[in-house]
Amino acid sequence: MTATPKAEKERRLTYAQAIREALAEEMERDPSLLLLGEDIGEPGGVFGVTQGLLQRFGEERVLDTPISEEAVIGAALGAALLGVPTVAEIMFSDFATLAMDQIVNQAAKFRYMTGGRTSAPLVIRMVTGTAGATAAQHSQSLEAWFTATPGLKVVTASTPADAKGLLKSAIRDPDPVLFFEHKLLYNSRGAVPAEDYLIPLGEGRVVREGTDVTLVAYLYMLPRALKAAEMLASEGLSVEVWDPRTLVPFDRDGLRRSLERTGRLVIVQEAPRRNGFCAEIAAIAAEEFFPLLKAPIKRVCGTNTPMPYAPELEQFVIPDEERIAAGVRETVHSTVRAVSGG
Amino acid sequence: MTATPKAEKERRLTYAQAIREALAEEMERDPSLLLLGEDIGEPGGVFGVTQGLLQRFGEERVLDTPISEEAVIGAALGAALLGVPTVAEIMFSDFATLAMDQIVNQAAKFRYMTGGRTSAPLVIRMVTGTAGATAAQHSQSLEAWFTATPGLKVVTASTPADAKGLLKSAIRDPDPVLFFEHKLLYNSRGAVPAEDYLIPLGEGRVVREGTDVTLVAYLYMLPRALKAAEMLASEGLSVEVWDPRTLVPFDRDGLRRSLERTGRLVIVQEAPRRNGFCAEIAAIAAEEFFPLLKAPIKRVCGTNTPMPYAPELEQFVIPDEERIAAGVRETVHSTVRAVSGG
Amino acid sequence: MQSLAGYSPAFLKELYRKMVLIRRFEERAAELRSLGYIPGFLHPYIGQEAVAVGACAALGSHDYITSTHRGHGHILARGGDPRYMYAELFARRDGYNRAKGGSLHIANIELGIIGANGIVGGGIPIAVGAGLALKQARQIAVHRPDDPRARRANGVAVTFFGDGASNQGAFHESLNLAALWRLPVIFVCENNLYGEFTPQHKHQPIRDIATRASSYAIPGLIADGNDVLDVYRVVSKAAEDARKGRGPALVECKTYRHRGHYEGDMGQYRPAEEVAFWLEADPIKNYRRLLLAGTVCSEEELQALDEAVEQELEEAVAFAKASPHPAPEEALEDVFVESYGGRALL
Amino acid sequence: MQSLAGYSPAFLKELYRKMVLIRRFEERAAELRSLGYIPGFLHPYIGQEAVAVGACAALGSHDYITSTHRGHGHILARGGDPRYMYAELFARRDGYNRAKGGSLHIANIELGIIGANGIVGGGIPIAVGAGLALKQARQIAVHRPDDPRARRANGVAVTFFGDGASNQGAFHESLNLAALWRLPVIFVCENNLYGEFTPQHKHQPIRDIATRASSYAIPGLIADGNDVLDVYRVVSKAAEDARKGRGPALVECKTYRHRGHYEGDMGQYRPAEEVAFWLEADPIKNYRRLLLAGTVCSEEELQALDEAVEQELEEAVAFAKASPHPAPEEALEDVFVESYGGRALL
Ligand SMILES: Cc1ncc(C[n+]2csc(CCOP(=O)(O)OP(=O)(O)O)c2C)c(N)n1
Ligand SMILES: Cc1ncc(C[n+]2csc(CCOP(=O)(O)OP(=O)(O)O)c2C)c(N)n1
Ligand SMILES: [Mg+2]
Ligand SMILES: [Mg+2]
């Protein structure tokens, strides 16, 4: 059910530590691996994720960059195209707007445009989501732009163990991977195996089993979905919580198996509802798993607004446990059924 | 059924002429309106759309810019924020990647971030879609990035008459509008009223009536969808072709009314399938109109690939009449039904 | 340091008052944040007051500025009201942005403030657009003098940004465009020697950012960013030229921030001697000394100004504290001018 | 014009041959396009041959280039095979990019060609990354001499771009980064006086783009872009410095394109005298005259080279014509290295 190996002796790390460990292990393994980003060196990054790596691996390998997102991502791509695997950090994923040509027109398309004859082992770490009153330009969840861009793999790591195992897979992948990390998860803790393990890209995970409804959630919405499932359990509802873990490739089979058990689908997402990745999941289900659906699909998403500053407003914009639970209740109590007639 | 006024005497213009006429009429109406873009002046634009406007309105109002997409869009925004309505052209919408900060972080959010106290009457004309062997960096259909960005209106004009009426509405709108024009439509002809008419943003159009299935299509997929409907008519299938005309705002009611008639939904899109606007339409239907659906939703889309160069490959990537018709047949012959139980 | 000759005492005192207002506004903001009144980021402007005050002193009521993440100083210098600013920082309904923006996004077009900005370099192209609108206003003034926009015919736009921002592509594109079109835009670079935690020599291979002006054939001027009168003098001259249609200028102001990059950053990455040097060069302390050394005003007068600032800020804080919180559903407003019946668009 | 002293006849003749190869490749491409063999855009390099050939003559087998929409010349100069290039333009399976790229995207990393590029300025940051990899190769050579990447320890990257591209933000950011990190990157700006249909004076307020180097404290050099030996000399010197760890340089080559921006554009926006002036300055004609004036080679030898080029291109065209069209389903390949079972990802 889960691809994460169990640690012999439980070792609890924060999500930030797990990411740092993955970076350090991969830098040990491959002495050519480079890290690039603004203030990732001495200061260890604005969120402290890369702390100590400069000291350990030297400034030839951990490069503090000027504030020039486009050139930085282009440089990471250029190095990767010459066979130097590179991990670049975008400090707030909102700043990826400044590097979209390099991400979308160049990195995503290089292999394809060259008939498969080039490879760009590039990972872009995208620090995403709100962090509490960070307002409209430091809170965006932009993953759907990249899922809509063929040629990019898109990873969303929601737990420390996943973060480590998925990041290591992303780094070893010969193609560009956007690796989304949520700011509000950096301090969350969880068991993380000490050994060198990989979580393959393209395998979702049933985080909690259930039979009444499938609740899809990732990143910061995953803990909220789990809380909602807990609340609903006390009401007698059995909620299966499923984390896709990677949006591209997307684990269609995993979703299908869950829907076979539950027949109902609720999708949670921090990003604004319109055209977020929730729309793609809903479309896949409505197109490919329609006969399994006993009720309308429900999306519980951020409102179609930029992110406001005031905490009251921000809380209104982003789904919380209550709103998720309400969405699930509505879906479970819906009496519309799809009947397969053939 | 259609918001386009009928011309007294039929006057047929190309799509490019209709756009030019809208620009010229609006520049006459509002002497402060500015046009900005690369080579839009003397040369009249790479596709000839702005031909003659420099000569008519002078170089204080029709500004040829350097190749600096970010500064150009930022400049258009700055002028608009001071009450100078501005229409900027992005020569190939692929180049919007270079201006994403100004479009997404600035223009889309200004009104919201300032608590409603600013207004940016800005139109960005996005020349979109393939033009035949234009390959990966000159063929993209990126509208879904912008529908996923709250604060932007997104218009897709598919006929000459729509292009004129929608562009005029977009220009008079006090908020940023992305206006998508398809390269392969520039030479298409249609009746265009000579008078000053507006087509409101947010009203879809039934382009062909039918009862068996709703076929949603826009831009260059609209003529293809119409051809497919024609083909299918000879097979006895009654296909309703519906053009949303604007993706934001989206005419939910129009779609619902059509589904009430047909109960079946096929969505066509030139962009790659994953997370295109087709996903949002599918999600809306699966969420809000589920009881109306008699069959799985079907998306007929571009493949999840960058655009290849070779015509054979490009033709494989983009839906054609045959592929659209096949999607419709599959949907109409599907016997899965959704039954409303209360 | 400049001579005081030729300036009116009222003008000189106003410069002082504004700098003190900014300093104390920021000190109080830091305090208020630690007390939990301010939920978001704060990037204090302390140490750089002379730049905002000197530059904005050169501006009139039809001029515009764009600002940065470190924007409170610019906004106060341009006439921002501390009441609405604190209310915004407190995320209250009376804030300039009705609690939707916070520190990074304070704007007020009526005051000529096109906005702080959370994107490093993001405001620079917008100022070019303001310059374009101002240039157009000259035409409007000729052809349609009754159009209210005609009043801006002499306007200039000033865009503030940091040394770090001068490495962004937007900086380059914007200077090229403004220079090409001879727009009335003054590019004011506040070189405080750091972009976040990175010292200048680690983010660019030059010392004087003003030299970058030569890439656009425009003047590149250097001002002592800790000397309010020097900033005023250099920006005034550039603005005068711009108003005459001579096009833009790049003005580099050499300065320093006393505190960390944001509240919470202790700034330990900075050598102690460097910090000590710049604390000694405090723009307010030195200007105060200069004023007292001249015959412009007495210690008592300055103390009265200090106290008036204290009083104003006291009231501003009280105003902000009393301002209501926004109602959660207000989050749905202000995406577009119309509501489109709410849900259809939302 | 340069003196021929000090160059081997073989070298001098090879420069000639390459320039003729490019000229004739482009002329034939235009013809083939009008005959319907080439479905996509063509941006002919005719007139600028001396730049690509002179610059690439300074490069060795562990060096890299990035190119532009006007890329055929660079690719041929760097050793691209006309057979695979025509096959690519014809959209055939034997093309360098297996018919997926076309003119704008021809690449071959083995030959040191990181790619043409459809985005103006798009290749510049990528070259900076190549420079980074090359700098790293020096470390690898010391610590892990057996790593195949160690062979690149002396490498340089050359990025070609136009006058128009020098207004893009990517240009500025890339020069700053390369200069800061002292990367072995030569920025070769081909100033052909036009960006698309817009003359230089309407897109930038300067004449010599080389002056922009001062913004990054690196050398800004000007070469006669119609003199292959001058380009060779200037780029060689810059490359030598870069190989020694002295960092990047900006080299502006003054040149002109003889034809329109792309095939189909007649270029009428250009004054007749200007065109006449530059046709007179034809890099091939003049170089040919120079060779003949010296004692390097005879008219017959040059004619033999001309004919060999003709022969090579004749064969290349035949090769391309004979190459199969791709099968439609190939469109689904090459998005990622794995297929992921096809549909799951597609
Ligand atoms: C595009 C972008 N990249 C990175 C950041 C994060 N960031 C905020 S302030 C800052 C430093 C800016 O330095 P500078 O321009 O010198 O201004 P200063 O903070 O010194 O006033 C950085 C990197 C950002 N806000 N926007
Ligand atoms: C980002 C971007 N903007 C615009 C274009 C369209 N375009 C293609 S070539 C060109 C002109 C480039 O001028 P220059 O850099 O001088 O190169 P030249 O064509 O003269 O070789 C333009 C505007 C593009 N391809 N990419
Ligand atoms: Mg700074
Ligand atoms: Mg050029």
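Proteins come first, then strands; the chains are lettered A, B, ... in the order of their sequence lines, and each starts at number 1.
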Exercise for the section: Select one option (side chain, backbone, both, neither) describing which atoms of C:Ala331 are under 4.5 Å from chain B's heavy atoms. Expected result: both

Handout entry: Residue C:Phe171 versus chain B: region with a heavy atom under 4.5 Å
Key = neither

Handout entry: Flag, side chain of B:Asp94 to backbone of B:Gln140, donor-acceptor distance under 3.5 Å
Key = yes

Problem - Proximal component of B:Pro85, with respect to chain C [non-hydrogen, under 4.5 Å] - result: side chain

Problem - Heavy-atom proximity to chain B below 4.5 Å, by part of C:Leu180 - result: side chain

Exercise for the section: May I ask you to decide if C:Gly60's main-chain N or O and C:Asp63's side chain share a donor-acceptor pair within less than 3.5 Å? Expected result: yes

Problem - Choice from B:Pro150, B:Gly83, B:Ala80 maximising heavy atom contacts with chain C below 4.5 Å - result: B:Gly83

Exercise for the section: Please check if the side chain of C:Asp94 supplies one atom and the backbone of C:Ala87 the other of a donor-acceptor pair under 3.5 Å. Expected result: no

Problem - Region of B:Thr118 that comes under 4.5 Å of a non-hydrogen atom in chain C - result: side chain

Practice task
Could you tell me which of C:Ala107, C:Gly101, C:Ser174, C:Gly122 has the largest number of non-hydrogen atom pairs under 4.5 Å with chain B?
Solution key: C:Gly122

Exercise for the section: Spell out, as yes or no, whether a donor-acceptor pair under 3.5 Å connects the side chain of B:Thr149 to the backbone of B:Trp145. Expected result: yes

Completion exercise
Comparing B:Pro66, B:Gly78, B:Ala76 against chain C, the one with the most heavy-atom pairs below 4.5 Å turns out to be B:Gly78

Problem - C:Asn167 side chain to C:His203 backbone, donor-acceptor under 3.5 Å - result: yes

Handout entry: Contact origin within C:Asn108 toward chain B - heavy atom pairs under 4.5 Å
Key = neither

Handout entry: Pick from B:Asp253, B:Asp101, B:Leu36 with the largest number of heavy-atom pairs that fall under 4.5 Å of chain C
Key = B:Asp101

Completion exercise
chain B shares the most heavy-atom pairs under 4.5 Å, among C:His172, C:Glu110, C:Arg144, with C:Arg144

Problem - Leading residue by heavy atom contact count with chain B [cutoff under 4.5 Å; candidates C:Asn117, C:Asp147, C:Ile106, C:Leu104] - result: C:Asn117

Handout entry: Minimum heavy-atom distance between B:Ile267 and B:Ala282, given as atom pair plus value
Key = CD1-N, 3.6 Å

Exercise for the section: Could you tell me whether the side chains of C:Gln204 and C:Ser166 share a donor-acceptor contact shorter than 3.5 Å? Expected result: yes

Practice task
Identify whether NZ of Lys or CZ of Arg in C:Arg83 sits under 6.0 Å from the centre of the six-membered ring of C:Phe319 and within 45° of that ring's axis.
Solution key: yes

Completion exercise
When the 4.5 angstrom heavy-atom criterion is applied to B:Leu98 and chain C, the contacting part is neither

Practice task
Please check if the side chain of B:Glu38 supplies one atom and the backbone of B:Asp64 the other of a donor-acceptor pair under 3.5 Å.
Solution key: no

Handout entry: Region of B:Ile67 in contact with chain C, defined by heavy-atom distances below 4.5 Å
Key = neither

Handout entry: Point-to-point distance, once rounded to the nearest 0.5 Å, from CD1 of C:Ile186 to CD1 of C:Ile65
Key = 13.0 Å

Handout entry: chain C interface, residue from B:Lys109, B:Glu69, B:Gln102 that has the most non-hydrogen pairs under 4.5 Å
Key = B:Gln102

Handout entry: Toward chain C, the part of B:Thr86 with a non-hydrogen atom under 4.5 Å
Key = neither

Problem - B:Glu70 versus chain C, the contacting section by heavy-atom distance below 4.5 Å - result: both

Problem - Result of checking B:Leu247, B:Asp175, B:Asp251, B:Val155 against B:Leu201 for side chain to side chain contact (heavy atoms under 4.5 Å, CB included) - result: B:Val155

